[in-house]
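Take a look at the structure set out below.
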Amino acid sequence: MQAAAAGNRPHAALLASPGMGHLIPVLELGKRLVTHHDIAVTIFVVATDAATTKSLLKSCPTTNFSIVPLPAVDVSHHVDPSDHIVTKLLVMMRHSIPNLRSAISALADPPTALIVDIFGTSTFPVADELGMLKYAFDTTTAWFLATTVYGSSAEDEVARHVNSRTPLVVPGCKPVRFEDTLDAYQAMGDRVFDEFQRVGVELATADGILVNTWEEMEGETLEALRNRKALKDVVRAPVYPVGPLVRPSPPLETNEPNDVVEWLDGQPDRSVIYVSFGSGGTLPRAQLAELAWGLELSGQRFVWVVRPPPVEDGDVSAAFFSLEEESGSEGPQRYLPEGFLSRTHDRGLVVPMWASQAEILAHPAVGGFLSHCGWNSTLESLTNGVPMVVWPLYAEQKLNAALLAEELQVAVRPGYNNGGVVKREEIEEMVRRVMVAEEEEGKAMRERVMELKESGERALSRKLKGSSYSALAQVARELELNHQRVVAKARG
Ligand SMILES: O=c1ccn([C@@H]2O[C@H](COP(=O)(O)OP(=O)(O)O[C@H]3O[C@H](CO)[C@@H](O)[C@H](O)[C@H]3O)[C@@H](O)[C@H]2O)c(=O)[nH]1
């Protein structure tokens with residue numbers, strides 16, 4: 001834990017739900033509020049893997065920035081082990097409300113705003129009780145935000161979408177195909193659906209919603225969230241696109257020895273495809289084998305972060321709460337095809353469980369990313385100019401895949417196969433389409449990615465007063481005004 005935030009500037013409490021995919025963008029938002037907008041920040045973190053969290057703290061500001069872990073809550077009596085990951089997260093966050101309330105109340109410098117990620121909206125009443133402004137931070141796309149809020153107000157339309165497998169038409173946005181829809185909608189009738197619908201309702205009560213996207217990335221959807229009557233009526237709160245907020249790769253002087261980076265140093269530029277399924281993704285055993293074969297047949301260099309297959313084949317988010325290294329010495333050999341590691345040892349690196357992804361994607365040797373398209377991984381890829389093979393697994397990832405492959409055309413994706421195994425030939429072909437330098441398609445994708453990378457940089461630029469910089473500056477102004485009101489009231 002670092003020193004408590006203090007001083008006369010506005011102070012915001014940020015709340016991160018479990019999982020690196022939520023903690024990382026919340027930390028980045030906090031850093032930016034401190035360094036660019038002179039806001040003091042305290043970040044409350046609900047149970048996340050301690051070792052990896054520690055590694056993230058190295059690049060955090062040392063003043064006006066504190067991190068407070070909230071005590072772990074035992075929700076085993078409130079969720080079933082088979083419940084969807086989204087249900088588990090939402091229940092954990094709800095049961096963290098008393099801890100959050102006492103932790104905020106214990107701060108010497110009381111924060112005047114609460115900013116929560118999308119799983120933390122149930123804590124808004126704490127902000128109301130303590131007279132704080134309340135903001136949500138959508139750590140994924142504007143399209144997801146529009147769908148979630150609209151879907152919570154149009155249950156009949158969602159039911160039609162699910163039952164007749166027709167697209168969900170969210171006003172002003174690209175329609176959501178059933179095949180790309182949110183996990184929570186596909187599970188209509190299960191607990192996760194009701195839990196998720198509640199998020200949409202709570203989101204609509206925020207004083208503002210920050211989104212990790214930018215104007216050039218999702219201009220049309222952002223416009224719909226702002227101006228289209230049908231959506232504006234359900235969203236109500238102003239929407240602030242503040243992205244792309246991504247974890248920087250460590251600056252050179254703080255680099256620690258890293259085997260993967262050393263290996264990449266020896267490879268030609270843009271010759272390596274990086275393969276990873278985010279902080280919680282795993283593949284069933286049969287799919288792991290096909291992926292190994294596909295990579296081998298593609299003839300391309302690769303770095304692959306591998307996790308053991310889940311006990312239940314369908315449980316593709318199995319590693320979400322547990323990133324423990326495997327015990328025993330066999331490691332990935334146990335579940336990869338026999339001889340794969342020795343046949344590919346001169347052009348491939350298999351990394352068990354976790355790799356320093358931000359550094360890897362920033363390396364010039366990396367020319368493609370096969371990813372589950374979690375939004376942080378996506379942004380890390382785009383901001384490094386790396387086109388993708390997108391392989392969505394759960395949550396809103398199919399929506400992201402559609403955006404990347406069809407709308408932005410910076411990725412290829414497997415055909416729909418109803419959850420079956422993607423075959424080695426298809427994997428080989430996708431990898432080659434992105435990686436082989438002579439492929440026109442790959443070249444065109446790379447150019448589009450570079451345009452997005454540059455537009456993202458412009459959006460964040462303080463000097464150019466870019467759109468995302470200005471949106472966060474507006475939020476900071478609101479915090480400042482509220483802070484002044486609170487100070488004036490306290491003085492009587
Ligand atoms: O070996 C690894 C694996 C992951 N990461 C980092 O962990 C983060 C993973 O985030 P993300 O790519 O968004 O994946 P998830 O952890 O799966 O993210 C959850 O949160 C995202 C943002 O809300 C959603 O888009 C996803 O669907 C949801 O699963 C990224 O910053 C990665 O760089 C590493 O550093 N090393």
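It should be emphasised that the depicted structure is a prediction, and the values quoted were computed from it without experimental measurement. For ligands, and for the atoms within them, numbers begin at 1 and follow the listed sequence.
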Atoms in ligand 1 flagged as close to [X], the criterion being non-hydrogen separation under 4.0 Å:
| X | value |
| --- | --- |
| Tyr394 | 17 (O), 29 (O) |
| Ala395 | 27 (O) |
| Thr139 | 22 (C), 23 (O) |
| His22 | 19 (C), 20 (O), 23 (O) |

inquiry  = Can a side-chain donor-acceptor contact be found between His22 and Ser17 if the only test is distance below 3.5 angstrom?
reply    =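 Yes, a side-chain donor-acceptor pair sits under 3.5 Å.
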ask   = Does a donor on one side chain and an acceptor on the other come within less than 3.5 Å for Thr121 and Glu202?
value =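 The criterion, which ignores hydrogens and geometry beyond distance, is satisfied for Glu202 and Thr121.
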Residue portion contacting ligand 1 (non-hydrogen atoms closer than 4.0 Å) for [X]:
| X | answer |
| --- | --- |
| Gln357 | both |
| Ser377 | both |
| Ile24 | side chain |

Short question: side chain of [X], backbone of [Y] - any donor-acceptor pair under 3.5 Å?
| X | Y | value |
| --- | --- | --- |
| Ser298 | Leu295 | yes |
| Asp83 | Lys88 | no |
| Arg446 | Val434 | yes |
| Thr141 | Phe144 | yes |

Given [options], which one has a non-hydrogen atom that is nearest to [atom]?
| atom | options | value |
| --- | --- | --- |
| atom 34 (C) of ligand 1 | Phe277, Phe144, Trp354 | Trp354 |
| atom 16 (O) of ligand 1 | Gly19, Ser279, Gly374 | Ser279 |
| atom 31 (O) of ligand 1 | Glu380, Glu396, Lys398, Arg247 | Glu380 |

ask   = Should the heavy atoms of other residues, nucleotides or ligands under 6.0 Å from CD of Glu457 be counted, would the total exceed 12?
value = yes
Counting both backbone and side chain atoms, is some N or O of [X] under 3.5 Å from an N or O of ligand 1?
| X | answer |
| --- | --- |
| Ser356 | no |
| Tyr274 | no |
| Asn376 | yes |
| Gly280 | no |

task = State whether Glu451 and Arg448 are salt-bridged, where the test is any N-O pair (Lys NZ or Arg NE/NH1/NH2 against Asp/Glu carboxylate O) under 4.0 Å.
result = no
ask   = Given the rule in the salt bridge (Lys or Arg N to Asp or Glu O under 4.0 Å) test, do Arg413 and Asp180 qualify, once you have shown the distances and angles that lead to the verdict?
value = CA-CA 12 Å; Arg413 76 183 283 194; Asp180 293 331; 3.2 Å; yes
